[in-house]
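Atoms within a ligand are numbered from 1 in the order they appear, just like the ligands themselves.
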Amino acid sequence: MSLSPFPLAPGESRRLPGEQAQRALGAAVAGALPPGSLLFLEGELGAGKTTLTQGLVAELGFPEGVTSPTYALMHVYPTPAGSVLHVDAYRVRDVAELYEMDLEALILGSRLSVIEWGEGLYADWPVAPILRLEHLEGDGEARRVTRRR
Ligand SMILES: Nc1ncnc2c1ncn2[C@@H]1O[C@H](COP(=O)(O)OP(=O)(O)OP(=O)(O)O)[C@@H](O)[C@H]1O
């Protein structure tokens, strides 16, 4: 499997003018991270975390059905390239709860994992990129992505 470069350098920001750009970013991320990788996503309600993840999962060959894992905590999408784990850790009080669910084995066994609101895990996964998504004030529906790490 040949990988492309990660679409943003650490510290870099980019404007995402619409949903297509948001999905395309997810697709580019999927093409840049090797199996067993983890991506952290941050962003307020409606910032585009699910949309980015839809693009990422579609790039791996599973084109539909990606929804926010807010209520389920965790979704697994069986793509032809391997499973994609999508976790929303917003309501998790202690990351120990996630590790008790065998999170580490799940991540390492997946093609790719996306964790929203996983600050408590950042130190344990130091090479995982962190993308922050924000609404751009005064710029219609556009969003901004910043690679924090
Ligand atoms: N870059 C963008 N430009 C314009 N609209 C966008 C962009 N990215 C996403 N959207 C739209 O914003 C809405 C919210 O996006 P999405 O559901 O992905 O956000 P979210 O961060 O997952 O929200 P939540 O935290 O509620 O799960 C959707 O209708 C989506 O199509």
Side-chain angles (χ1 to χ4, degrees), residues 3-33 35-101 103 106-107 110-125 127-149:
L3 295 170
S4 30
F6 198 85
L8 294 140
E12 190 181 345
S13 289
R14 184 175 305 161
R15 179 175 178 270
L16 299 164
E19 198 183 309
Q20 275 313 109
Q22 199 88 8
R23 285 175 195 271
L25 175 64
V29 167
L33 294 176
S37 297
L38 172 59
L39 170 74
F40 289 114
L41 287 184
E42 302 178 348
E44 71 250 42
L45 210 71
K49 303 178 297 297
T50 302
T51 307
L52 188 150
T53 307
Q54 284 167 344
L56 181 152
V57 173
E59 176 70 12
L60 297 173
F62 191 87
E64 275 174 45
V66 175
T67 55
S68 170
T70 301
Y71 298 103
L73 178 66
M74 189 178 285
H75 288 159
V76 178
Y77 298 107
T79 85
S83 54
V84 173
L85 178 71
H86 186 194
V87 176
D88 185 340
Y90 191 74
R91 289 186 296 177
V92 174
R93 291 211 197 111
D94 183 345
V95 292
E97 289 174 38
L98 291 170
Y99 285 120
E100 278 161 19
M101 295 167 76
L103 181 73
L106 282 170
I107 291 171
S110 294
R111 167 62 188 83
L112 203 50
S113 299
V114 177
I115 302 187
E116 303 182 3
W117 298 111
E119 288 93 330
L121 299 166
Y122 289 176
D124 291 345
W125 299 86
V127 301
I130 303 169
L131 297 182
R132 168 163 278 271
L133 300 168
E134 295 162 297
H135 288 83
L136 263 173
E137 290 294 318
D139 192 8
E141 283 298 304
R143 309 293 200 267
R144 175 175 53 224
V145 58
T146 302
R147 181 175 172 189
R148 291 191 48 207
R149 176 175 87 182

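His86 and Glu116 form a side-chain donor-acceptor contact under 3.5 Å, judged by distance and modelled atom types alone.
To the nearest 0.5 Å, atoms CD (Glu64) and OH (Tyr77) are separated by 12.0 Å.
Between Leu25 and Pro7, some side-chain heavy-atom pair lies under the 4.5 Å cut-off.
Ion pairing between Glu42 and Lys49 fails under the 4.0 Å rule for side-chain N and carboxylate O. Ion pairing of Asp139 with Arg144 is absent here, as no side-chain N (NZ or NE/NH1/NH2) approaches a carboxylate O to less than 4.0 Å.
Listed by chain and residue number, the protein contacts of ligand 1 are Leu16, Pro17, Gly18, Glu19, Gln22, Glu44, Leu45, Gly46, Ala47, Gly48, Lys49, Thr50, Thr51, Ser68, Glu141, Arg143 (heavy atom within 4.0 angstrom).
In terms of the side-chain contact (heavy atoms from CB on, under 4.5 Å) criterion, residue partners of Glu97 (sequence neighbours excluded) are, by chain and number, Val92, Arg93, Asp94.
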